[in-house]
2 protein chains.
Amino acid sequence: MRPPSVSDVARRAGVSKATAARVLGGYGRVSAAIHAAVSAAAAEIGYRPNELARSMTTGRSDTIGIVVGDIANPFFAVAVHAMSQVLRAEGFGVLLANSAESLAEEKAAIDTLLGRRVDGMIVSPADMRESSHLRAIVDSGVPLVQFDRCAAGLAVAGVTADDRDVAAEVTHMLIRRGHRRIAYFTACETDSGRFSDLEEIGTGSVRERIAGFLAAGEGLEDTALEVVVGAVGAKRAQSLATEVLSRGAEAPTAMIASDSTIGLGLYTAARAAGIAIPQALSLVTFHDADWTAIAHPGITVISQPARRLGEEAARMLIRQIQTGDGTCAHRVVPCRIIPRGSVGDGPVS
Amino acid sequence: MRPPSVSDVARRAGVSKATAARVLGGYGRVSAAIHAAVSAAAAEIGYRPNELARSMTTGRSDTIGIVVGDIANPFFAVAVHAMSQVLRAEGFGVLLANSAESLAEEKAAIDTLLGRRVDGMIVSPADMRESSHLRAIVDSGVPLVQFDRCAAGLAVAGVTADDRDVAAEVTHMLIRRGHRRIAYFTACETDSGRFSDLEEIGTGSVRERIAGFLAAGEGLEDTALEVVVGAVGAKRAQSLATEVLSRGAEAPTAMIASDSTIGLGLYTAARAAGIAIPQALSLVTFHDADWTAIAHPGITVISQPARRLGEEAARMLIRQIQTGDGTCAHRVVPCRIIPRGSVGDGPVS
DNA sequence: TACATGAAAGAGACCGGTCTCTTTTTGTGG
DNA sequence: CCACAAAAAGAGACCGGTCTCTTTCATGTA
């Protein structure tokens with residue numbers, strides 16, 4: 001049994017399909033009497049407009065595609081929430097896709113979304129080094145806003161946090177407090193399993209942060225900044241941290257975690273090794289997760305404006321759709337450093 | 001500029017629309033030569049099938065609608081992640097809608113999704129007392145699986161945790177350890193601002209938990225079980241807990257939090273009031289959040305199988321879609337109690 | 001050579017809306 | 001009372017696919 005269509009309503013109301021469509025679609029002019037009759041007939045048989053068919057002719061689907069790395073990650077969850085609120089208020093539905101931070105899956109997701117004729121897309125590119133699939137979006141004439149990360153050499157709007165600046169700021173702070181050996185932990189992987197070049201880091205936001213981190217130490221002779229890659233998940237982060245901390249006098253006196261899951265791993269590793277925070281080790285993590293305020297001591301965090309980033313991206317996209325304006329504005333939303341107590345003075349202070 | 005269509009490809013390849021469609025749609029029989037020619041033409045002009053048009057004739061949209069209370073809530077975030085993984089593997093896209101736990105928004109969301117002709121829906125009903133809109137889904141012939149909560153008197157499939165049982169179990173455990181005054185904190189609101197009747201609780205899962213909680217104390221004369229409502233957000237939970245704890249000798253010696261946000265509020269309240277956990281107050285919270293393992297002492301939690309619940313719901317829906325089978329199976333996935341150290345002996349032990 | 005057979009290609013209806021163009025009805029003014 | 005404009009209703013094309021039905025053409029066999 002197919003659901004009732006305009007024709008069914010028309011037949012029941014004894015009018016032409018065109019007239020019924022005018023009433024049901026809310027366009028054109030119809031006499032009050034007929035309007036009432038059609039509305040009544042529609043209610044009786046439970047008519048519900050087929051938005052697919054409507055999209056077919058209007059060319060608009062009133063749907064926005066969102067592709068993020070991992071919806072279970074609180075940062076993305078909050079951002080997606082914010083986006084969908086803003087979009088819903090404007091009458092858009094949200095088609096959500098997870099890329100699992102895999103380029104292949106991201107491409108596949110974008111393909112499906114383009115096939116579904118979304119009116120716009122918000123994508124957080126898994127790898128800033130590959131942007132052909134993003135270009136395909138633009139070439140299809142579909143408005144696009146990059147989220148949290150931006151692909152290299154692509155003139156497309158984007159909303160990001162001030163990753164590089166805030167990373168540099170926090171690193172400077174650690175150096176100022178006397179730290180000379182600082183390690184940055186990221187979940188990103190490299191072919192060799194070690195970090196040697198910024199180019200190896202595909203995730204745009206992380207690359208920015210590491211760039212800021214390294215820039216902060218540039219020119220300082222006695223300062224050793226180290227980047228540890230492959231810290232995927234708390235478990236792995238913990239074991240990597242344990243390894244690094246076991247270097248004794250050569251071990252870093254301060255650590256920066258690229259996300260709160262890693263931060264948790266580092267914190268756990270320090271506790272397990274009996275290393276006192278902040279006396280023997282300073283710790284800073286990105287993302288203001290619940291546990292950071294509860295920990296002893298409280299963990300100094302870089303709070304990411306997930307909600308504002310999401311809202312901003314959605315608004316930017318809507319503007320682009322409504323005005324048809326393709327200017328590739330880049331909006332940077334500042335992070336906030338929340339000092340809590342996990343940062344102490346280093347050996348040289 | 002409209003994107004290229006089957007006709008465009010056909011024209012370029014010098015064949016009929018029907019033939020081109022056969023190649024592009026992957027059905028019927030076509031000679032190898034023509035197949036190659038059409039494929040080449042499609043690639044040249046960048047043809048991408050219009051899934052909307054396809055849905056139009058096939059009647060399937062390959063899209064599943066998911067309506068949850070709050071995607072920013074880790075429980076739902078993880079569940080939605082699991083669902084979309086399972087669904088994607090089966091070729092379905094996901095249209096996500098947030099109800100903000102509001103019945104009105106839930107109805108609106110369902111309406112839009114039905115209009116978009118989704119092939120199935122997974123909904124976590126905001127209010128188990130109202131199910132007319134859910135019935136509308138079933139009446140439209142759209143397969144539906146309820147998630148985490150089930151509406152009353154509705155013969156529709158559902159996947160839930162064993163909320164009632166686990167709540168009873170944890171309450172029994174507290175009673176066994178000597179607690180006589182136990183408070184259960186929920187974010188649900190009632191008209192009066194106080195709890196007097198189970199009927200006032202709209203959220204199915206919460207009602208189940210409270211039912212189990214109260215059942216565990218039934219018949220025990222000296223046991224006072226209390227339900228505190230309106231604990232929305234950590235802040236509010238904290239102030240409500242502070243109030244309850246200030247009752248001195250009349251204050252509960254054990255508390256159960258209906259989610260980890262509330263749990264955090266309770267924990268913070270206890271610390272702020274200088275009440276020792278578990279010596280003076282025992283604490284249990286639903287959801288195995290990060291912070292519960294980090295806290296001092298670790299918080300005993302009721303771990304919800306969010307991932308499994310999500311997978312199960314998705315699989316159940318797929319089965320229903322593929323077999324057309326409308327049996328309203330109810331699947332209950334057990335929660336796991338993770339003892340950590342926040343539960344101590346009560347005064348009567 | 002003639003004819004049955006079946007594969008390959010084409011023609012055109014259909015899905016459920018929108019929208020343009022045409023026809024009919026209504027209402028107004030001379 | 002009729003002309004004429006404007007409003008209301010109808011007819012039918014169209015969007016981009018799928019799919020049925022028909023036609024064409026090559027192959028095999030008697």
Side-chain angles (χ1 to χ4, degrees), chain A residues 1-39 41-42 45-63 111-112 114-119 140-141, chain B residues 1-39 41-42 45-63 112 114-119 140-142:
Chain A
M1 257 299 288
R2 291 203 157 273
S5 73
V6 177
S7 306
D8 297 323
V9 175
R11 198 170 313 122
R12 184 158 236 271
V15 299
S16 75
K17 178 186 162 193
T19 303
R22 276 190 266 262
V23 174
L24 300 172
Y27 57 89
R29 354 185 23 97
V30 196
S31 70
I34 294 264
H35 187 107
V38 171
S39 301
I45 62 178
Y47 169 79
R48 185 190 308 276
N50 183 332
E51 299 295 342
L52 294 176
R54 189 169 278 172
S55 300
M56 195 77 231
T57 37
T58 60
R60 291 175 306 103
S61 63
D62 288 330
T63 305
D111 231 56
T112 339
L114 284 178
R116 290 229 165 76
R117 297 295 191 264
V118 292
D119 291 344
S140 307
Chain B
M1 257 298 287
R2 290 202 158 273
S5 73
V6 175
S7 306
D8 298 323
V9 176
R11 199 171 311 122
R12 184 157 234 271
V15 299
S16 74
K17 179 185 160 193
T19 302
R22 275 190 267 263
V23 175
L24 300 172
Y27 56 88
R29 357 186 20 100
V30 194
S31 70
I34 294 263
H35 188 107
V38 171
S39 300
I45 61 179
Y47 169 79
R48 187 190 306 277
N50 183 332
E51 298 296 342
L52 295 176
R54 190 167 277 173
S55 300
M56 197 76 231
T57 37
T58 60
R60 290 176 307 103
S61 62
D62 289 330
T63 305
T112 341
L114 284 179
R116 289 220 164 77
R117 296 296 190 264
V118 292
D119 290 343
S140 307
V142 174

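In what follows, chains are A, B, ... by sequence order, proteins preceding strands, each numbered from 1. Values below: all heavy atoms of this structure, side chains included; hydrogens, waters and symmetry mates excluded.
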- Query: Would B:R48 and A:D111 pass as an ion pair if we require N to O under 4.0 Å?
  - Reply: yes
- Message: Measure CG/A:N50 against C1'/C:dT18 and give the value in whole Å, please.
- Response: 13 Å
- B:A18 side chain: which of D:dC19, D:dT18, D:dG10 is closest? D:dC19
- Message: At 4.0 Å (heavy atoms only), tell me whether B:R22 reaches a base, stays on the sugar-phosphate, or touches nothing.
- Response: base
- Task: Check whether any side-chain nitrogen or oxygen of B:T58 sits under 4.0 Å from OP1 or OP2 of D:dT18, and answer yes or no.
- Result: no
- Query: Nearest of C:dA9, C:dG10, C:dG16 to any side-chain atom of B:V15?
  - Reply: C:dG10
- Message: Please pick, from D:dT18, C:dG17, C:dT18, the nucleotide with the shortest atom-to-atom distance to any side-chain atom of A:A21.
- Response: C:dT18
- So, is B:S16 close to the C:dG10 phosphate, meaning a side-chain N or O under 4.0 Å from OP1 or OP2? yes
- Item | Side chain proximity check, A:S55 to A:R60, heavy atoms < 4.5 angstrom | no
- Task: Whole angstrom is fine here: how far is it from CZ in A:R54 over to C1' in D:dC15?
- Result: 15 Å
- Please give, in whole Å, the distance from C:dT18 P to A:Y27 OH? 4 Å
- Task: To the nearest Å, give me how far apart CE (B:M56) and P (C:dG17) are.
- Result: 7 Å
- Query: Nearest to the side chain of A:V6, which nucleotide is it out of D:dG17, C:dA11, C:dG17?
  - Reply: C:dG17
- Could you state the CZ-P distance from A:R11 to C:dG16, rounded to the nearest angstrom? 11 Å
- Under 4.0 Å between a side-chain N/O of B:S31 and OP1 or OP2 of C:dA9, yes or no? yes
- Rounded to whole angstrom units, what separation is found between the CG atom of A:L24 and the P atom of C:dG17? 8 Å
- Message: Tell me the closest heavy-atom pair linking A:P4 and A:I45, and the distance in Å.
- Response: CG-O, 3.3 Å
- Considering all heavy atoms of both residues, which atom of B:S7 and which atom of B:K17 are nearest to each other, and what is their separation? OG-CD, 3.7 Å
- To the nearest 0.5 Å, atom CE of B:M56 lies from atom CG of B:N50 at 11.0 Å
- Query: To the nearest Å, how far apart are A:R117 CZ and C:dG17 P?
  - Reply: 20 Å
- Query: What's the CG-P distance between B:D8 and D:dG16, to the nearest Å?
  - Reply: 8 Å
- Is a donor-acceptor contact shorter than 3.5 angstrom present between the side chain of B:K17 and the base of C:dG10? no
- Task: Answer yes or no: does a side-chain N or O of A:R29 lie under 4.0 Å from OP1 or OP2 of D:dA7?
- Result: no
- Item | Touch class at under 4.0 angstrom, heavy-atom based, for A:I34 against every strand present | sugar-phosphate
- Task: Name the closest nucleotide to the B:T57 side chain, picking from C:dC14, C:dG10, C:dG17.
- Result: C:dC14
